[in-house]
Amino acid sequence: MQKVLEEALAIGRKHIARGECASYIPELARADKNNLGVCVLTKSVDRYTAGDTKTRFTIQSISKVISLAIALQHCGYDKVFDKMNMEPSGDAFNSLLKLDMASDKPFNPMINAGALATIGYLVPDLTFEDMLEYTRRVCMDKGIVMDEKVFQSEMANCARNRAIGYLLQSKGILESDVEKTLELYTRMCSLSVTAESLACFGLVLANGGRHPETGVRLMDAEAVRIVKTIMMTCGMYDGSGEFAVRVGIPSKSGVGGGILAVVEKRMGIGIYGPALDEKGNSIAGQNMLEYLSKSLNLHMFASEL
Ligand code: GLU
C-alpha cells in the first residue's frame with residue numbers, strides 16, 4: 001500500500017502544472033499549488049500517508065456532505081428533499097442559471113444553491129459550534145477550527161452566493177434569514193482539515209456511519225446511504241460523470257483542494273492538492289484517485305475481483 005501511495009503521488013505531481021489554486025476567494029490563491037498529499041485509512045484502521053497529509057486547508061464544498069448528513073438526521077428526508085432535487089446539474093457549482101430557468105428547486109445538495117437551502121433548515125436550531133463539534137467527531141480531528149482569514153475573505157467576495165440565497169428566498173425555498181444562512185454556510189466552508197481528517201471521515205462513511213474502532217454510531221445508516229449516493233452522482237461538480245467512469249469511488253471535492261473518497265466497506269481516502277482544473281476539482285487529486293482505483297481495484301464496478 002505504501003508503495004502504491006508513493007507512486008500515486010509521483011503521478012499526481014506531473015499534473016500540478018496544469019492546474020491553478022482557486023482565486024475567486026483571494027485567500028485561497030495564497031496556497032502553495034505544489035502541496036500534495038494522500039492518506040488511506042483502511043477498515044482495520046491502518047493509516048498510510050504520502051506527501052502533505054498534515055497540512056491544514058479549508059474544507060470548502062466537502063462541508064456540504066456534513067451539512068446534508070446533519071440536516072437528514074435533524075429534519076428527516078421528506079423535509080430536506082421537499083424543496084430540493086437530487087439530480088446532477090451539469091453546471092458550475094455556483095451557477096444561478098437553471099435555478100431560475102428550468103427548475104424551481106436546487107438540483108442537488110452538493111452545489112451551492114442546494115447547500116444554502118440545506119443550511120437554511122439548520123439555522124433556526126443549530127449553532128456553528130454544534131456543527132463544528134459534529135465535524136470534529138466524524139473527522140476524528142479535534143484540531144479542526146474555522147480559518148478566520150479564509151472566512152473573512154469569502155464573506156467579502158460572496159456576491160454570487162448572496163444572490164443565490166435571495167433567489168432561493170424569492171422562490172420560498174429558503175425560509176431562514178438569508179444573511180444568517182450565508183454566514184453559517186461560509187463558516188462551514190472555512191473549517192480547516194487535513195488529508196488525514198478527510199480519510200477518517202471517509203472511513204466512517206465506508207463503515208456505514210460507525211466509528212471504525214469503537215463501533216459507536218456517528219451517523220444514521222440511512223443518512224450515510226443517501227450522502228454516499230449523492231457523492232457518487234454529484235460530488236465532483238460538473239465532472240461527476242466522467243469521474244464516476246474513470247475512478248468509480250463516491251467522492252466530494254472542494255475548491256480548497258481537498259477530496260474525500262469512500263471505498264465501501266474498505267477504506268477512507270483523503271487528498272489535498274490545491275491546484276484545480278477548470279471545474280474546480282484537484283487536478284492531481286483526481287489523477288491520484290484514478291491510479292489508486294486501478295492499482296487497488298477500488299472501482300465500485302471493477303470488472304475483476
Ligand atoms: N465556499 C465556496 C463557495 O461557496 C465553496 C465552493 C466549493 O468548494 O465548491 O463558493
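In each ligand, atom 1 is the first atom listed, and ligand 1 is the first ligand listed. Values reported hereafter were calculated over all heavy atoms of this structure, with side chains retained and with hydrogens, waters and symmetry mates removed.
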Contact atoms of ligand 1, heavy-atom distance to [X] under 4.0 Å:
| X | value |
| --- | --- |
| C189 | 1 (N) |
| Y237 | 7 (C), 8 (O), 9 (O) |
| G254 | 8 (O) |

Indicate, as side chain, backbone, both or neither, the part of N161 found under 4.0 angstrom from ligand 1 when only non-hydrogen atoms are considered.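 The side chain, only.
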Does only the side chain of S61 get under 4.0 Å from ligand 1, or the backbone, or both, or neither? Count heavy atoms.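 Both backbone and side chain.
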So, [X] side chain and [Y] main chain: donor-acceptor pair closer than 3.5 Å or not?
| X | Y | answer |
| --- | --- | --- |
| N157 | S153 | yes |
| Q73 | A69 | yes |
| E290 | Q286 | no |
| S197 | V193 | no |

To the nearest 0.1 Å, how far is [atom] from its closest protein heavy atom, and which atom is that?
| atom | result |
| --- | --- |
| atom 4 (O) of ligand 1 | Y185 OH, 2.5 Å |
| atom 5 (C) of ligand 1 | Q60 OE1, 3.4 Å |
| atom 3 (C) of ligand 1 | E154 OE2, 3.2 Å |
| atom 10 (O) of ligand 1 | Y24 OH, 2.7 Å |

Without placing hydrogens or testing angles, list every side-chain donor-acceptor pair under 3.5 Å for residues 20-27, not counting sequence neighbours.
{"residue": "E20", "atom": "OE2", "partner": "K33", "partner atom": "NZ", "Å": "3.4"}
{"residue": "E27", "atom": "OE2", "partner": "R30", "partner atom": "NE", "Å": "3.2"}

**Prompt:** Tell me, which pairs form a salt bridge (Lys or Arg N to Asp or Glu O under 4.0 Å) where one or both residues lie in residues 7-18, sequence neighbours left out?
**Reply:**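 Counting only pairs at least two positions apart or across chains, the salt bridge (Lys or Arg N to Asp or Glu O under 4.0 Å) contacts touching residues 7-18 are K3-E7.
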* What heavy-atom pair brings A8 and L292 nearest, and what distance separates the two atoms? ->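 The answer is CB-CD2, 3.9 Å.
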Exercise. Mind checking whether N112 has an N or O less than 3.5 Å away from an N or O of ligand 1?
Worked result: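 Between N112 and ligand 1 (N or O atoms, distance only) the closest approach is under 3.5 Å.
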Nearest to atom 8 (O) of ligand 1 by heavy atom, V255, L116, L28: which?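 Checking each option, the heavy atom nearest atom 8 (O) of ligand 1 is found in V255.
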- Query: Side chains of D141 and R56: closer than 4.5 Å at any heavy-atom pair?
  - Reply: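 In contact.
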